[in-house]
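Within every chain, numbering begins at 1; the chains are lettered A, B, ... in the order of the sequence lines, protein sequences first and strands thereafter. Given the structure is predicted, the values throughout are model-derived calculations rather than measurements.
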Number of protein chains: 4
Amino acid sequence: MASTSNERLIESAATCMARDGYYQTKISDIVKGAGVSQGTFYWYYKNKEDVVKAIFSEVEQGLLDVVKIGYRQTMGTRESMVASSVGLIASYLRYVREHRDAIRLLTRCRQDADPVVKELANKVVRHVEDAFFHNIQRAKALGMIPEQRSTDVQAALLMSLVDGMTYRWLFTEVDNDKDIGQLSPEALAEEIVSYEFFGMLGAPEEKRQMGET
Amino acid sequence: MASTSNERLIESAATCMARDGYYQTKISDIVKGAGVSQGTFYWYYKNKEDVVKAIFSEVEQGLLDVVKIGYRQTMGTRESMVASSVGLIASYLRYVREHRDAIRLLTRCRQDADPVVKELANKVVRHVEDAFFHNIQRAKALGMIPEQRSTDVQAALLMSLVDGMTYRWLFTEVDNDKDIGQLSPEALAEEIVSYEFFGMLGAPEEKRQMGET
Amino acid sequence: MASTSNERLIESAATCMARDGYYQTKISDIVKGAGVSQGTFYWYYKNKEDVVKAIFSEVEQGLLDVVKIGYRQTMGTRESMVASSVGLIASYLRYVREHRDAIRLLTRCRQDADPVVKELANKVVRHVEDAFFHNIQRAKALGMIPEQRSTDVQAALLMSLVDGMTYRWLFTEVDNDKDIGQLSPEALAEEIVSYEFFGMLGAPEEKRQMGET
Amino acid sequence: MASTSNERLIESAATCMARDGYYQTKISDIVKGAGVSQGTFYWYYKNKEDVVKAIFSEVEQGLLDVVKIGYRQTMGTRESMVASSVGLIASYLRYVREHRDAIRLLTRCRQDADPVVKELANKVVRHVEDAFFHNIQRAKALGMIPEQRSTDVQAALLMSLVDGMTYRWLFTEVDNDKDIGQLSPEALAEEIVSYEFFGMLGAPEEKRQMGET
DNA sequence: TATGAATGAGTCTTCATTCAT
DNA sequence: GATGAATGAAGACTCATTCAT
């Protein structure tokens, strides 16, 4: 509770920037949110760029920790692969839900922030995609996924899927969003992973079911 | 040739805003790019919001025209469905490549622009997603796609895929981007559609091929 | 009378900066003095540095025009040399009195201004000293002044004399200043030139007079 | 060795202010240079004005001690007068060279500092000029210098000479300054005194030498 | 239609100064 | 004696917008 000025500043900065964007957030908004004076901001940070860096470095590690756990060591059945993927994506979704502000800030800054911050944000996301890439590569090496398709493209497709759905899930206003925002992390993860592995046509058993119907 | 001030303003605005973002683009940048005076801008437009609207209304119809062609009327084989999807996505990609600036502007404004413009941009994208939704629904009605999964979610997944890959394809610097930026619209469309229908595990024939190897 | 905003700005800037110094002069002071708005300043000038440059380039030419007239072409008597020197210094003094503000600004900026402005101010003064140097050199070439002493040092001594006395004459408050501030340009010029040529011991005829007394 | 915080503050203040000027020197610069904290400054001094006063009171006495030694008691030859003047100016130059920072600070503060400090700096210089004044007056009383010219003006001329040349000698960058900066205190003193007494036309013996050549 | 001078509110940033520890 | 966190007033600069011509 008796948080330090510094902590209050970081938190307020994340909240404001997630809500209003990097450029639209004024230092005066941040300090108002933190309940400190204008000068105090500059005691801790050189400028806006500086706070964002601090926020990013916190979030990057968290994200990577989650994604790297997905690294598969041994062969398994297709079912176990799918199940562990669902588990991975679900942890990812739980993580981002816990860190909504930082994640939204990250997403926004990839498009709108000054060049240094932009590049930093993209680097974070690139690191996550790299982790996805290695997971796919490993699955191919273990013979669990066919090798025809480019792993680069597949990692990009997966990243697009996860990224886009995360945004829809967390940040799109409900009335526009049908029911996606209501899904549990696990349910959404299941949808994503099903799509990831089987596409719109679904898993064989699903197809079988369909054939039977 | 001798384009009007108005045309030059629209074009300059699109270029500047695509490059710098909505808020970061100054009226003075736009008029500089258009080679007219500050006052002239205000003769044609009330403010920044006003130009963006003009740009958006141009692009929305184009996008919808492309997507609505994909609306399937009659039953066909799975192969023809996939082929026509590839055709659809490829036209989409060709279209956005032709209208890079407007598309990038649209994408950026969904996240960073004043509320009215933001909502406008999101509406355009929502319309595209609706078109996807109806295409999927129709395919389900024709029995070409299993019906278990929520069409809402599937449309969102497809939109994420198309949106994310479009961004990667057009706007990410090459060195970070491996070879995605180099793909032809057709090749990229093929990758997306394959993923869309069959996921990472690939189409049955691909799996068969793999099995035979 | 109906002077332009630009003219009013230049004049106000010179007045303020002469009075308060480069760094202590606020843009808000300048615009207040000019009776225009803050924004108007920035329409005409990039910043403080920019106005000062404009002021300096005006004054430099004026100063050089005065000093260069002193360039002696033909041999003459010692009396004519002294007389023409008095004329030169007197015009110089009249000029600086007419341009008090610019001159004071120049003097202050040689010590206190940002590096670019400082260097600019010093350059102006160096040009004046160069003109003095050439005048002395020419007088030596014509055999009117002994050649033992270094012309560099002599020019510097003369510059110190003129500079220091100008400052005392124009800018030192009277009560501290005995009667120097009351002298006419011609009287002060006569004092300076007498010292310049004959030093404290005075001209021969003066010495003679003294001897006779 | 282990100098006190107070000593370190004084020294740092002199260094910073000599280099950057009164107004441009921040308290934070001073404490950085002294290696103490911001708060410590305010333990010893009320504000910037306060430190400068401390610095000035140190330097004033030193300067006066040097100049007052020049006070002539008894009649002598013109040569001895010149020689003792050279000695006086040379001590002065040695002194200011030893106290460069304080001297530069003093010089700068005469033009740019807040009114109290400015007046203080001017008072120091006025005291020096008074000492010059009395020396000249005494020389006149002893009949060693003609009396026509105003002693006030002569003292001011001498002060200008000494002041200007000191500045040139110590503080002007070499490449702009030809060789003045390279002179020894004695050589420069000789130049100044020769000019002081005989002006540009030189001493009689010099003129004779010239005539003989 | 078109110009560009003029405005002033809005922000970032600096820095002397205070004060609890 | 000494620290350094905290303050807030002051000042530079930006930029959307207006308006007379």
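Heavy atoms from other residues, nucleotides or ligands lying under 6.0 Å from CD of A:E11 number 12 at most.
Between E:dT11 and A:S28, no contact under 4.0 Å exists linking OP1 or OP2 to a side-chain N or O. Side-chain N/O atoms of D:T40 include none lying less than 4.0 angstrom from OP1 or OP2 on F:dG1. Contact between the side-chain N/O atoms of C:Y44 and the OP1/OP2 oxygens of E:dA6 is found at a separation under 4.0 Å. Between C:Y42 and F:dC13, a side-chain N or O to OP1/OP2 separation shorter than 4.0 Å is present.
Within the shown strands, E:dA2 is the pairing partner of F:dT21 under the Watson-Crick or G-U definition, both distances less than 3.5 Å. Base pairing of F:dA12: its partner is E:dT11, meeting the Watson-Crick or G-U wobble criterion (both donor-acceptor distances under 3.5 Å).
Here D:C16 contributes atom SG and D:Y22 contributes atom OH; the two are 14.0 Å apart, rounded to the nearest 0.5 Å.
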Q: Could you please spell out the steps behind the salt bridge (charged side-chain N to carboxylate O under 4.0 Å, His left out) verdict for B:K53 and B:E49?
A: CA-CA 6 Å; B:K53 282 183 188 166; B:E49 192 180 314; 3.4 Å; yes
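Checked against E:dT17, E:dT3, E:dT7, the side chain of B:S37 finds its nearest nucleotide in E:dT3. When each of E:dC12, F:dG4, F:dA16 is scored by its nearest atom to the side-chain atoms of B:K48, the top-ranked nucleotide is F:dA16. Distance from the side chain of D:S5 is smallest to F:dA2 among E:dT17, F:dA2, F:dA16. The A:V36 side chain lies nearest to F:dT7 when the options are F:dT17, F:dT7, E:dT3. When the nucleotides F:dG4, E:dC12, E:dT1 are ranked by their closest atom to the side chain of A:Q38, E:dC12 comes out on top.
Of the two residues near DNA chain E, D:Q24 and B:N6, the one whose nearest nucleotide lies more 5' is B:N6. Residues D:G39 and B:W43 both approach DNA chain E. Their nearest nucleotides, taken by heavy-atom distance, put B:W43 toward the 5′ side. For the pair B:I27 and C:N47, both in contact range of DNA chain F, the more 5′-proximal nearest nucleotide belongs to C:N47.
Rounding to whole angstrom units, OH of residue B:Y23 and C1' of F:dA16 are separated by 14 Å.
There is no side-chain donor-acceptor pair under 3.5 Å between C:D112 and C:Y23.
Under the side chain to side chain contact (heavy atoms under 4.5 Å, CB included) test applied with C:F41, the options C:D50, C:N6, C:V31, C:V36 reduce to a single match, C:V31.
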